[in-house]
Each structure stands twice: as structure tokens, then as C-alpha cells.
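Note sheet for the following structure.
In each ligand, atom 1 is the first atom listed, and ligand 1 is the first ligand listed.
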Amino acid sequence: MTDAPWWRSAVVYQIYPRSFADSDGDGIGDLRGIIDRVDHLARLGVDVVWLSPIYPSPQDDAGYDISDYENVDPTFGSLADVDELIAALHGRGIKLVMDLVVNHTSDEHSWFVESRSDPRSDKRDWYFWRPPRPGMEPGQPGAEPTNWVSFFSGPAWEYDPASGEYYLHLFARKQPDLNWENPQVRAAVYRMMRGWVERGVDGFRMDVVNFISKVVGPDGALPDGIVTAATSPYGDGSAGFICGPRVHEFLAEMHREVFAGLDEAPITVGEMPGVTVEQAVLFTDPARAELDMVFQFEHVALDQGASKWDVRPFRLRDLKASFGRWQAGLAATGWNSLYWNNHDQPRIVSRWGDDGIYRVQSATMLATVLHLHRGTPYVYQGEELGMRNMPFGSIAEFRDIESLNHYAVAVARGEDPEHVLAALRAMGRDNARIPVNPDYPEVNAAVQVDDPGSVFSHYRRLISLRHTEPTVAHGDFTMLLPDDDAVYAFTRRYSDERGEVELLVLGNFTGEKVDAEIDGWAGAELVLGNYPDASGRYPDGSGTPYDGEAGALRPWEARVHRRTCPSGSGPGLIRPSRPGSPAGR
Ligand code: ISL
């Protein structure tokens, strides 16, 4: 598969600059801090760095409210620092992806300042300005042009008394939505993107890019949404902006205007809440030339009910059903991105692993299962160290606008503050953002990089396996044991000059020993495990003896086995011997 795009065998590392590394001791991370640690990234072996926003910003939504797309916030450094970072990364063969946040700007962006200051300005139409609902008193509850709820609580419209109109903000009121219907808006965005590409940037992660096309009626009206228990008294406006009518047209245009004809293929990933498998196929079909891959949200909602604050138990079979559908849906056309974590999610080892005595085993098991799927894996800073959620005490320790707004609204409507706090601790975005976890003497890079049994060393082996075993990047995928709530199991298969190569991946999602009799795989080579193998060694030759049992998975154990089959022989079967567990296909 030599003609496959390079990013199919790549691993991306996300840096959240505010909390990655602080070079000047002001308590906030910066570009110099990243430059100083490029060797950490090179040692890990990642191919791409995705940098969360570093642009000038009032920081109302931690930098996702941008007031100038073409500069760097002095908190983080300067354009010269960006140039130095690009050179440092490129010098080690690592590419740089920037965050592109163009569904909305900051209300302090000069475009919006001009748009707001004068209804006759030619920037007025760059945003969604609408009159109050007919017959309603402007500025009063219910007078908003639609009933849409914002992602950060409250109405998605802000009243501007000076002009008597409202502007749309799907997120914070300091994040007005850009009007992509206006061709000048699109041209300005593409021009800005070309500027970054000319600087040496290798691609973009595109913030909520499936929201850029809104459903606009002939009279300019946007449609009301259905009022649900989770949105009441507002409506869920998502049918009016998720994967709207012109989104494919806009992304194809962006591709033509920014990426077509570049010497080196860029990497583009669209963040897409609410995207379906069928839509993702269209967005990532190479023949359509829109995006390389999308971030979908199905799996990170599996332990949530009506809203993200409605925390529910996690069931492994739900995860298999979800990932299995995405793997199958994008098998022939398109491509998956694979992630557990980012700056919006709680830490995976605390969420679906065991961040107590099995922290190392469960973090490495989760990593193994994710990285062995078909798709491009994303590692969020600290995930490679098995970092935990923050042990938050009171609401005073939270900084994120989403958490703070939700707390204020929920408590005001009578919810028990302790119950609201419990949800914030489980799902709040600050878990992965706030700088220093008190467990840092135990969980840190310095103690892990030279330890072969560390989470870091395991991520390193996983990334290296993707680079050296083409079955990981290119093989097809078959889910096994869909109904088993303890063991995650699947195979990957690929043909090359070795013949037919098959990998079996097993992950124990419990802290108990579970039986896993592997039919047809007896004696198969162990390519990678998160415990030392039977000889007492990790595959790289390090490790200490462990009294393991063949056919059983130890607590949170993960294993990757390999066999090379003569063409035409059947796939391997796995039959766990635990009563009640169905056999593999
Ligand atoms: O974090 C979320 C869970 O409630 C999402 O709603 C999130 O806001 C959504 O995935 C969009 O995220 C992106 O755009 C936001 C920004 O706050 C997030 O950090 C960013 O990843 C607005 O720019």
C-alpha cells in the first residue's frame, strides 16, 4: 500500500500550550516551553504535533475565542517562536498542525468590533444579526430570534441594545458565529490559512467545522429547535447547524483554495460533534477532496445521558458496538481518527480505567486497544504518562466557562450543589487543562522516560509498532466478542510479501483475571504486551519475570499477537472459557 497517504501510519500528539511547559515561570505554558521539549516528542516517536490555539484571545473560552488569527498571544510568545518551533519540529521529522477556529471569532476580533459598531458596515453581514422575535419586547427572555440553547448554558443569542438586534453565539457570548454564507468571510479565512501554510504549517485541526453552514430560510430566518428536558426552557437548535446544507460545498471550496497543489500533502481533521458514520464517509472520501478525517463524538458520550453532566455507568459492549460501527462504516471509503482524550475530555485512565493500583496497567491497556484500531491515533499531552483527573475540591477550583456556567445555572434551578460538583469532577474539561496535579511526584515524565515498564515506554512501543508493522496502519478490522463486558478483542489482517499477516488484540477491561482461551492462536508470537511476557521480558528485552498463565488475561492486561497465514486460510478464532461468554465469530 505504498500509495497510502502518510498520515495513515502517523500518530498525532496534542499540545494544550497553557499547561504543557512553562519556560518563564509565570505559571502559564508557552511556545519556548514546547521548543525546549521537542526531544520528549521525538523520543516518544510521534509524527505530528497539533497545537491548541496560541492566537491573541481574551481567553473567555481558553483561547477558542480568537481576536486575531494572524498573530500569537504574548502570553505564549511571538511569531518568531512559532518559526523556531516549526524548524525544531521539522528538524526531527515532526509536522505541525494548527487549530483553526473559524465557526466563530472573539467579540474582540476587529471583524466583530466593526460589525457591531455600525449596522451599515460591510462587516455587518459577516455575523448573524437578527431582529427580536416579532411581538416580543427586545432584550426580554423569549425575544431571542430562535429558541436555541448555547453549548455553554443560556440562550445562543446576545442582545445588542445599540442596534436593537441580536447576534448568534453557539458557544460563549464572547464567541459570535461567523456567517459563512458571505463569500467575503470565506475568502478572508482561506487567505489567513494560506498565510500559515506559507509559514510552514502542515495542516489544521478544524474546530466544530461541521457547524459552519446554518439552515437559513429565504427570509433569513433560522429555525427553532425542539425543547428537551436537557435544554429547557430553550430548544435544541442542532438541526439548524450540524452538518448544514452547504457544509460539503464550503469544505471542498476550502480544499481548493488552500490545499490543492501543495507539494506535500497536508493533514486535515474536522472536529464534528453530532456527525454520523454516513456523513463522515462523505467528509473523508478522498475523491471528494474535503477532509482527511473527522473527530466523532459517539464513544465519548457512552457514559452520558441526556447531557454530558448526566453521568452514567460505562458498559464495554456499548464501546464495542460504537467503535465497531465506525470501523465498518469507514472500512472501504474514508478514514477514522482515534482518541480517548483531548482538552475537552476527562482523563481516560480515571474515566474507563483504574487510576489506583492498576493505573499503569489500565492506562497501557486502553492505549493498546485504541492504537490497534484502524485510523490515526491522537495522544493528548500527559496521556502518554497515564495522567489522572484532578482531585477537585470546591467550585472555586474550576476555571472552564462550560463548568462554571453549568454550575451556576444548575444550582440556581435547585439542583444539589454536591451532585453538580460530582458531575463536574467526572466530566469537567479542567481535568485535562489545569496545570499541575498534586500526584506529580509520582506521575511525571522524568521518572518514566527511562523506565521500560512505564506508560511512556508503552506508548513508545505502540507508536513504533504502527511505524514498523503495516497491518496496524493498513489492515482490515474484525470485531470479536461483541457481547463480552470484560474482554475487548479484535483482529487486523493485511497481505504483503510475508503472506497474510494477522494481529489479534486482547484487552481486559477489569481488575480481575479473566480466562481467554485463544483457539488457533496457541504459540502465536507476542508482539506487544503491557505485562512482561512469559519469559519475564517486555518485547524490547527489558522487564522482570511474572508468573503469568497462558490463556488468561491478568488485571487490565493487553496483548497483541501476530501470525502469518498462508493465503486462503480462515481467520483465527477466540473462545473465552468463562461460562456465559459467547464464542467468537
Ligand atoms: O466540550 C464539549 C462537551 O460539552 C463540547 O460541547 C465542545 O464544546 C465541542 O466539542 C466543541 O469543542 C470545540 O469548540 C469549542 C471549544 O470550547 C472547545 O474547547 C473546542 O474543542 C468552542 O470553540
| remark: For Arg186, the salt bridge (Lys or Arg N to Asp or Glu O under 4.0 Å) test, sequence neighbours excluded, returns Glu253
| query | What residues come within 4.0 Å of ligand 1, counting heavy atoms only? | reply | Asp61, Tyr64, His104, Phe151, Phe152, Phe171, Gln175, Arg205, Asp207, Val208, Glu271, Pro273, Phe297, Lys308, His343, Asp344, Glu402, Arg429, Arg433
| Is it true that His104 and Phe112 have ring centroids separated by less than 6.0 Å? | no
| query | Once the angle between the rings of Phe314 and Trp352 is folded into 0 to 90°, is it parallel (under 30°), tilted (30 to 60°) or perpendicular (over 60°)? | reply | parallel
| said: With a 6.0 Å cut-off (strictly less than), is the heavy-atom count around CZ of Arg246, excluding the residue itself, greater than 12? | reply: yes
| task | Kindly assign one of parallel, tilted or perpendicular to the pair Tyr378 and Trp50, based on the angle between their ring planes and the thresholds 30° and 60°. | result | perpendicular
| query | Which value, rounded to the nearest 0.5 Å, describes the distance between Phe283 atom CZ and His248 atom NE2? | reply | 4.0 Å
